Amino acid sequence: MNRVKRFFRYDNIGYLFVLPAFIYMLYFVGYPIVSNFILSFQDVTVKTLKAEEKPFVGLQNYIELFQQDNVLTTSIWNTFIFTVGCLIFQFIIGFALALFFNRNFSFSKPVRGLLMMPWMIPITVTALIFKFMFGTDVGIINYFLKSLGIISQNIDWLTNTRTAMGAVIFTNIWIGIPFNMILIATGLTTIPTELYESASIDGAGKVQTFFRITLPLLKPTIESVLILGFIYTFKVYDLVYVMTSGGPVNSTHMLSTYSYKLSFEMFKYSKGAAVANILFIILFIVSLLYLKYVYTEEEA
């Protein structure tokens with residue numbers, strides 16, 4: 001008892017404040033992750049779900065998924081295409097809007113607030129709206145393109161393997177632009193205005209100022225935006241499931257949607273857990289690489 005009192009007598013009292021959050025994370029995050037890994041090493045289906053002893057198969061689920069299941073490789077490829085495609089356009093457009101609204105002009109703040117609406121609306125609602133907009137016969141996008149004379153007949157956006165992924169990426173770009181814009185705009189406010197004034201006095205143009213002042217000082221913000229955007233986008237589920245459910249012909253299946261299909265539609269719980277673990281491992285590796293990069297930058 002005396003040891004406990006001495007332990008918390010000094011600066012260690014902070015551990016007491018952290019303890020509730022640690023217990024919460026351990027139970028609601030740590031336990032499901034460990035349980036999911038155990039499940040992936042077993043053969044759990046509808047028949048064995050209630051069994052006291054579930055068959056242990058080791059890495060068989062992973063081996064079968066990679067050797068016999070082409071949908072898994074398609075899902076991994078689709079997930080990377082979706083993530084990279086969304087990040088590129090979200091970041092570029094969000095960066096441009098952040099630079100634009102960083103200027104002082106009338107109605108800049110109200111308009112910037114309105115642009116946050118796509119991020120605030122629930123993703124399922126946005127997915128339903130865009131699913132209707134990309135509709136073949138009643139969709140406003142086909143109507144708009146036909147009115148401009150760009151197309152002569154309606155395009156099956158969500159039921160064509162060539163266009164379904166583009167439609168889903170377009171929708172997620174719409175959702176993610178405000179996230180990029182607000183974070184980069186916040187980073188811009190931390191750059192001292194004196195630097196721009198000094199550069200202007202020295203005769204530096206806008207392009208030189210952008211590449212010599214803005215970009216270097218925004219580097220930490222840009223890194224955070226990209227890594228957070230990668231994590232949020234890579235594990236997307238609800239948007240794709242509502243719009244296409246992974247179709248047509250698995251052309252928009254992501255790791256998350258394929259894991260759901262295996263677990264709750266095909267009732268192959270162990271294989272579904274294995275796919276979810278592959279998703280977790282990829283994101284875990286990306287996070288470790290990011291932390292190592294940040295640590296190296298701080299040490300340099």
Side-chain angles (χ1 to χ4, degrees), residues 4 15-83 122-124 127 168 227-228 230-292:
V4 175
Y15 287 108
L16 287 176
F17 295 98
V18 176
L19 186 60
F22 175 76
I23 295 174
Y24 176 87
M25 294 293 291
L26 190 66
Y27 184 78
F28 288 100
V29 178
Y31 171 74
I33 292 175
V34 174
S35 178
N36 198 66
F37 268 98
I38 295 174
L39 178 62
S40 68
F41 296 130
Q42 299 172 335
D43 183 17
V44 180
T45 60
V46 176
K47 295 180 180 179
T48 59
L49 182 62
K50 295 296 183 179
E52 295 182 1
E53 294 185 4
K54 299 176 176 59
F56 181 81
V57 296
L59 296 175
Q60 181 180 346
N61 289 319
Y62 294 92
I63 295 172
E64 290 181 357
L65 282 170
F66 278 105
Q67 290 184 350
Q68 304 175 11
D69 195 344
N70 294 328
V71 184
L72 175 64
T73 54
T74 301
S75 299
I76 295 174
W77 180 245
N78 287 342
T79 306
F80 276 102
I81 291 176
F82 176 82
T83 303
I123 295 179
T124 52
V168 175
I227 193 64
L228 289 174
F230 183 90
I231 293 173
Y232 291 152
T233 308
F234 199 84
K235 63 184 181 66
V236 66
Y237 165 75
D238 39 10
L239 175 71
V240 178
Y241 186 79
V242 171
M243 291 189 68
T244 62
S245 298
V249 198
N250 303 321
S251 61
T252 59
H253 251 319
M254 310 294 166
L255 285 171
S256 56
T257 57
Y258 187 49
S259 175
Y260 177 88
K261 180 180 179 179
L262 286 171
S263 298
F264 303 107
E265 293 182 8
M266 302 176 67
F267 305 109
K268 297 179 180 179
Y269 302 110
S270 294
K271 288 188 176 182
V275 175
N277 288 334
I278 293 171
L279 172 62
F280 170 78
I281 291 171
I282 293 174
L283 290 179
F284 185 71
I285 293 173
V286 170
S287 300
L288 288 179
L289 292 175
Y290 172 70
L291 291 175
K292 182 179 180 180

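Predicted, not measured: the structure shown is a model, and the values here were computed from it.
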Would you please indicate yes or no on a ring centroid separation below 6.0 angstrom for Phe234 and Phe82?
no
Could you measure the distance from the CG atom of Asp238 to the CD1 atom of Ile123? Nearest 0.5 Å is fine.
4.5 Å
Atom OH in Tyr269, atom CG in Leu49: separation rounded to 0.5 Å?
5.5 Å
Criterion side-chain contact (heavy atoms from CB on, under 4.5 Å) on Phe280 and Asn36, from CA distance to verdict
CA-CA 11 Å; Phe280 170 78; Asn36 198 66; over 6 Å; no
The reported gap from CD1 in Ile38 to OG in Ser270 (rounded to nearest 0.5 angstrom) is 11.5 Å
Do Asn250 and Thr74 have side-chain atoms, one donor and one acceptor, less than 3.5 Å apart?
no
Counting neighbours of CD on Glu53 that are heavy atoms of other residues, nucleotides or ligands and sit closer than 6.0 Å, is the number greater than 12?
no
Testing Leu283, Leu289, Ile282 for side-chain contact (heavy atoms from CB on, under 4.5 Å) with Ile285, which one passes?
Leu289
Reported CG-to-CZ distance for the pair Leu59 and Phe41, which is rounded to 0.5 angstrom
5.5 Å
Below 30° counts as parallel, above 60° as perpendicular, anything between as tilted: where do the rings of Phe264 and Tyr260 land?
tilted
pair Leu255-Ile76: side-chain heavy atoms closer than 4.5 Å
yes
Taking every heavy atom of Ala127 against every heavy atom of Met243, the minimum-distance pair comes out as O-CG, 3.6 Å
Quick check: are there more than 12 heavy atoms from other residues, nucleotides or ligands sitting under 6.0 Å from OH of Tyr232?
no
If you compare all heavy atoms of Leu262 against all heavy atoms of Val275, which two are closest, and at what distance to 0.1 Å?
CD1-CG2, 3.6 Å
Quick one: sort the Tyr24 and Phe28 rings into parallel, tilted or perpendicular, breaks at 30° and 60°.
tilted
Report the distance from atom NZ of Lys54 to atom OG1 of Thr45, rounding to the nearest 0.5 Å.
10.5 Å
Any idea which heavy atoms bring Gly272 and Ser259 closest together, and the distance?
O-OG, 2.7 Å
Nearest 0.5 Å please: distance from the OH atom of Tyr258 over to the CG atom of Asp69.
3.0 Å
Which heavy atom of Ala273 sits nearest a heavy atom of Leu39, and at what distance?
CB-CD2, 3.8 Å
Are His253 and Lys261 side-chain neighbours, meaning at least one heavy-atom pair lies under 4.5 Å?
yes
Flag the pair Val236 / Val168 as yes when at least one side-chain heavy-atom distance between them is below 4.5 Å, and no otherwise.
no
Are Phe37 and Ile33 side-chain neighbours, meaning at least one heavy-atom pair lies under 4.5 Å?
yes
Pairwise side-chain contact, Ser256 with Lys235, heavy-atom cut-off 4.5 Å (strictly under)
no
Let me see the working for Thr48 and Asp43 under side-chain contact (heavy atoms from CB on, under 4.5 Å), right down to the final yes or no.
CA-CA 8 Å; Thr48 59; Asp43 183 17; 5.6 Å; no
